[in-house]
Amino acid sequence: MSTCFRRILVGALLLFVLSPCTLRSEWRTLPTRQRIRSGADTNAWVAVEKTVRLDLSRTAVVICDMWDRHWCASATRRVAEMAPRMNAFAAAARAGGALVIHCPSDTMEFYEGTPQRRLAQSAPVVEPRVPLQRWCSLDRTKEAPLPIDDSDGGCDDDSPPPKGPPYPWTRQIATLEIKEGDAVTDSAEAYYLMRQRGLTNVIVMGVHLNMCVLGRPFSIRQMVNQGQNVLLVRDLTDTMYNPRQRPFVPHCVGTELMIEHVEKFWCPTITSAALLGGQPFRFSEDRRPHAVCLIGEDEYKTWETLPAFARTELEWRGLRVSIIKESPADKHQFPGLIEALRDADLLVVSVRRRALPREQLDAIRAHLDAGKPLVGLRTASHAFAPRGRDAERAGAGTWTSFDADVLGGNYSGHHGAGPTTTVTLVADAKSHPVLTGVAAEDFRSRGSLYKVSPLKADATVLLMGSIAGQPA
């Protein structure tokens with residue numbers, strides 16, 4: 001090897017070793033969620049899940065206003081509870097090559113002279129796409145009004161709001177480690193630093209979503225306006241919302257409404273599990289029963305009606321609802337089912353002749369073996385009894401006796417459409433808790449009636465349908 005070539009080779013190797021931005025390029029596959037309108041002239045929205053690949057070496061992780069103390073005691077408590085999971089997320093992102101930018105607003109005096117503060121200050125000023133503001137307020141041309149009323153300050157305890165500075169926060173909560181190579185700022189310096197390093201991806205987490213996480217110069221509205229590829233970590237955020245204000249829902253539901261707002265008008269979201277695995281973070285006060293709706297059928301449009309029912313009848317009553325739909329690419333796959341069932345209190349099945357992967361069907365069996373309830377809607381009697389080629393899928397799980405084993409029925413087809421079906425309340429059934437609020441009068445339906453006799457001896461019948469001239 002010639003001396004000249006040897007020097008070139010050594011120089012090239014040193015360039016790669018000493019230039020982490022060139023060497024460290026770690027791509028991650030992240031499941032994201034966003035909301036789109038179901039039609040051009042409608043205000044109905046649907047959640048769309050999409051897997052994206054993100055280069056962490058071109059990513060900034062922005063931690064917004066995770067102060068050591070808030071004027072609202074419950075806000076201080078939630079920040080402290082969330083901080084360990086957030087610190088783990090930041091560590092994982094940092095290990096993958098991301099730049100972690102700590103943004104505890106109004107506390108820069110505490111960090112003056114530190115290497116992390118000097119790093120942010122050293123970034124050269126650049127011309128932004130649109131002017132960066134100290135605060136970016138809601139713009140009705142870009143987004144709807146916020147879904148929660150925070151006009152009282154948003155505190156859900158009796159803490160009195162401050163009349164002005166000095167504020168109780170003095171620094172970022174100490175649980176969040178500020179490491180070598182991180183940056184500290186509370187201004188447009190964050191964007192200048194991103195531009196200096198060629199960082200086009202921004203992952204945002206912190207508090208509070210209806211205020212600082214949307215409005216600050218380093219956060220969602222302004223980073224989206226600059227053309228950055230922004231993601232919100234939806235389980236590592238919180239809101240300033242008081243349930244005594246509109247829309248009068250639990251605090252955690254108010255936060256979910258704000259997450260949906262961001263997914264509609266600003267950017268997709270991910271959970272911390274995207275980098276850390278396991279289950280997403282959930283506040284300890286969020287003890288809502290968890291209902292999982294499993295939807296996979298082609299006729300009755302429960303993919304539309306069940307989510308609407310969950311919103312109008314369940315969530316405002318304090319239930320947490322997960323909607324699990326069949327994959328658009330494969331109707332026998334139900335992404336997210338296993339994870340959702342891990343802490344489910346109820347499984348609602350609206351499925352018709354699907355051949356689930358065995359591990360997903362095993363998760364359903366485990367739910368039932370644990371003594372947890374299931375509600376079956378119409379085609380649930382033959383939910384996991386595929387026919388023809390579907391039954392022959394490699395790795396598919398079937399449960400042809402699901403009706404008899406779980407529902408107590410014996411599905412054998414249905415009567416033809418035609419005469420009206422009369423549905424009658426069975427004697428002595430009105431006191432059953434399932435029928436709470438249901439009138440005792442008979443009602444009529446045009447739906448075709450299933451043949452399910454004979455029933456299991458221990459099945460409890462509440463309603464009975466009949467068709468004139470047809471056997472029972």
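These values consider heavy atoms only, across backbone and side chains, with no hydrogens, waters or symmetry-generated copies.
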Taking the side chain as C-beta and beyond, is there a heavy-atom pair between [X] and [Y] under 4.5 Å?
X    : Y    : value
R288 : C252 : yes
L425 : L463 : yes
H261 : L146 : yes
L374 : L346 : no
C212 : H208 : no
L347 : V349 : yes
C267 : I220 : yes
L209 : M240 : no

Should the ring pair [X] and [Y] be called parallel, tilted or perpendicular, given that the plane angle runs from 0 to 90° and is split at 30 and 60?
X    : Y    : value
Y167 : W169 : parallel
W45  : F265 : perpendicular
F402 : W399 : perpendicular

Do T175 and N87 pass the side-chain hydrogen bond (donor to acceptor under 3.5 Å, both in side chains) test, and can you show the C-alpha distance, the side-chain angles, and the key distance before you say yes or no?
CA-CA 7 Å; T175 310; N87 189 60; over 6 Å; no
Side chain [X], main chain [Y], donor-acceptor under 3.5 Å:
X    : Y    : answer
Y241 : V249 : yes
D403 : Y411 : yes
T312 : A308 : yes
R317 : E313 : yes
T398 : T400 : no

Will you find, in the side chains of [X] and [Y], an N or O donor that is under 3.5 Å from an N or O acceptor?
X    : Y    : value
T420 : R444 : no
W266 : E143 : yes
N225 : K142 : yes
D156 : S74  : yes
E81  : S284 : yes
H332 : D390 : yes
N210 : T239 : no
H102 : D182 : yes
D343 : H290 : yes

Could you walk me through whether T269 and E263 satisfy the side-chain hydrogen bond (donor to acceptor under 3.5 Å, both in side chains) test, starting with their C-alpha distance in whole Å, then the side-chain angles of each, then the deciding distance to 0.1 Å, before giving a yes or no?
CA-CA 7 Å; T269 69; E263 291 173 343; 2.6 Å; yes
Between R216 and D65, does the salt bridge (charged side-chain N to carboxylate O under 4.0 Å, His left out) criterion hold? Intermediate values first, please.
CA-CA 10 Å; R216 295 289 189 185; D65 289 349; 3.0 Å; yes
Heavy-atom closest contact ([X] atom, [Y] atom, distance):
X    : Y    : result
R35  : A47  : NH1-CB, 3.7 Å
F218 : S105 : CZ-OG, 3.7 Å
P268 : Q34  : CG-OE1, 3.5 Å
V207 : V213 : C-CG2, 3.4 Å
T237 : L232 : CB-CD1, 4.5 Å
D186 : P217 : O-CG, 4.1 Å

Separation of SG atoms, C72 and C155, below 2.5 Å:
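With an SG-SG separation under 2.5 Å, C72 and C155 do form a disulfide.
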dist L314:CG -> L319:CG (nearest 0.5 Å) comes out at 5.5 Å
Say you draw a straight line from CG of L337 to CD1 of I324; how long is it, rounded to the nearest 0.5 Å?
6.0 Å
Within 6.0 Å of [atom1] in [X], more than 12 heavy atoms from elsewhere:
X    : atom1 : value
R171 : CZ    : yes
D157 : CG    : yes
K430 : NZ    : yes
D428 : CG    : no
R58  : CZ    : no

Between D442 and T422, does a side-chain hydrogen bond (donor to acceptor under 3.5 Å, both in side chains) hold up when you go through it step by step?
CA-CA 7 Å; D442 295 352; T422 300; over 6 Å; no
Applying salt bridge (charged side-chain N to carboxylate O under 4.0 Å, His left out) to R234 and E256, what does each step give before you reach the verdict?
CA-CA 8 Å; R234 63 177 180 266; E256 289 183 352; over 6 Å; no
Could you point out which residue of R378, E297, K301 forms a side chain to side chain contact (heavy atoms under 4.5 Å, CB included) with S350?
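Going through the options one by one, the only one that passes is E297.
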Tell me, with the steps shown, if H251 and D286 meet side-chain hydrogen bond (donor to acceptor under 3.5 Å, both in side chains).
CA-CA 9 Å; H251 177 91; D286 185 2; over 6 Å; no
